[in-house]
Amino acid sequence: MLREIIDAFANVHYATYLLTTMTLVVVGVGVDLLTGIRKAKMKRERITSLGLRRTVIKLFEYWGLILMSFTLDLLLLITPIGEPWVTMACGLSVVLIEVKSVVENLKESRSKAAEVSELLQKIIMASDNEQAQKIMEAIKNL
């Protein structure tokens, strides 16, 4: 079992999943940071080192969570699962949390991008093609 774990960790396939997931988290946290700074400037709030420090802490907490999920994936290698699904699910969850945070920041800073996000959600949830076309027209008129 230990040999399988070591081989999997050395496997480029697994390492690629881990590095890709961690990179996507950095991108998500970075975009959240930038939209948060923009929101603060729009609301004329001070940007402090405490807020920036919270971002760094959040990033390391996310990385720790991803590393733990990767460890769980390595331990599950003895099962027929075969892919690091726990790591991918964890990474997707973290990125979705950051997307939600970015949309909230955009809404609070009254950005048109937040409206586009809401309209895209409506398109996805549209019950028919005609309704989706109307929503797409609304996006064009922004």
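When reading the values below, keep in mind they use all heavy atoms of this one structure, side chains included, and skip hydrogens, waters and symmetry mates. Throughout, numbering of the chain's residues begins at 1 and tracks the sequence.
- Among residues two or more places apart in sequence or in another chain, the side chain to side chain contact (heavy atoms under 4.5 Å, CB included) test is passed with Leu24 by Thr20, Val95.
- A distance of 8.0 Å separates CD of Glu104 from NZ of Lys39, quoted to the nearest 0.5 Å.
- Listed by chain and number, the residues in a side chain to side chain contact (heavy atoms under 4.5 Å, CB included) with Leu19 amount to none (sequence neighbours excluded).
- Glu61 pairs by the salt bridge (Lys or Arg N to Asp or Glu O under 4.0 Å) definition with nothing, not counting sequence neighbours.
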Using side chain to side chain contact (heavy atoms under 4.5 Å, CB included), reason through Leu67 and Leu18 one step at a time and then give a plain yes or no.
CA-CA 8 Å; Leu67 286 172; Leu18 178 63; 4.1 Å; yes
Side chain to side chain contact (heavy atoms under 4.5 Å, CB included) between Val27 and Glu98, worked out
CA-CA 9 Å; Val27 170; Glu98 291 304 302; over 6 Å; no
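- Sequence neighbours left out, the pairs with a member in residues 21-37 that pass salt bridge (Lys or Arg N to Asp or Glu O under 4.0 Å) are Asp32-Lys58.
- Leu65 and Cys90 get closest at one heavy-atom pair: CG-SG, 3.5 Å.
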How far apart are the C-alpha atoms of Phe70 and Val86, what are their side-chain angles, what is the distance that settles it, and do they pass the side chain to side chain contact (heavy atoms under 4.5 Å, CB included) test?
CA-CA 7 Å; Phe70 186 72; Val86 178; over 6 Å; no
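- Note that the CG atom of Leu96 and the OG atom of Ser101 stand 12.5 Å from one another [nearest 0.5 Å].
- Among residues two or more places apart in sequence or in another chain, the side chain to side chain contact (heavy atoms under 4.5 Å, CB included) test is passed with Ser49 by Arg53.
- Cluster partners of Ile37 are Leu33, Ile47, Leu52, counting Ile, Leu, Val, Met, Phe, Trp and Tyr whose side-chain heavy atoms approach within less than 4.5 Å, directly or via other members.
- Within the model, atoms CE of Met42 and CG of Asn105 stand 12.0 Å from one another, a figure rounded to the nearest 0.5 Å.
- Closest heavy-atom contact between Asp73 and Trp85: OD1-N, 3.5 Å.
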Please report the C-alpha distance between Tyr62 and Met22 in whole Å, then the side-chain angles of each, then the deciding distance to 0.1 Å, and finally whether the side chain to side chain contact (heavy atoms under 4.5 Å, CB included) criterion is met.
CA-CA 8 Å; Tyr62 284 159; Met22 293 180 91; over 6 Å; no
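- In this structure, OG1 in Thr87 is found 11.0 Å from CE in Met68, a value given to the nearest 0.5 Å.
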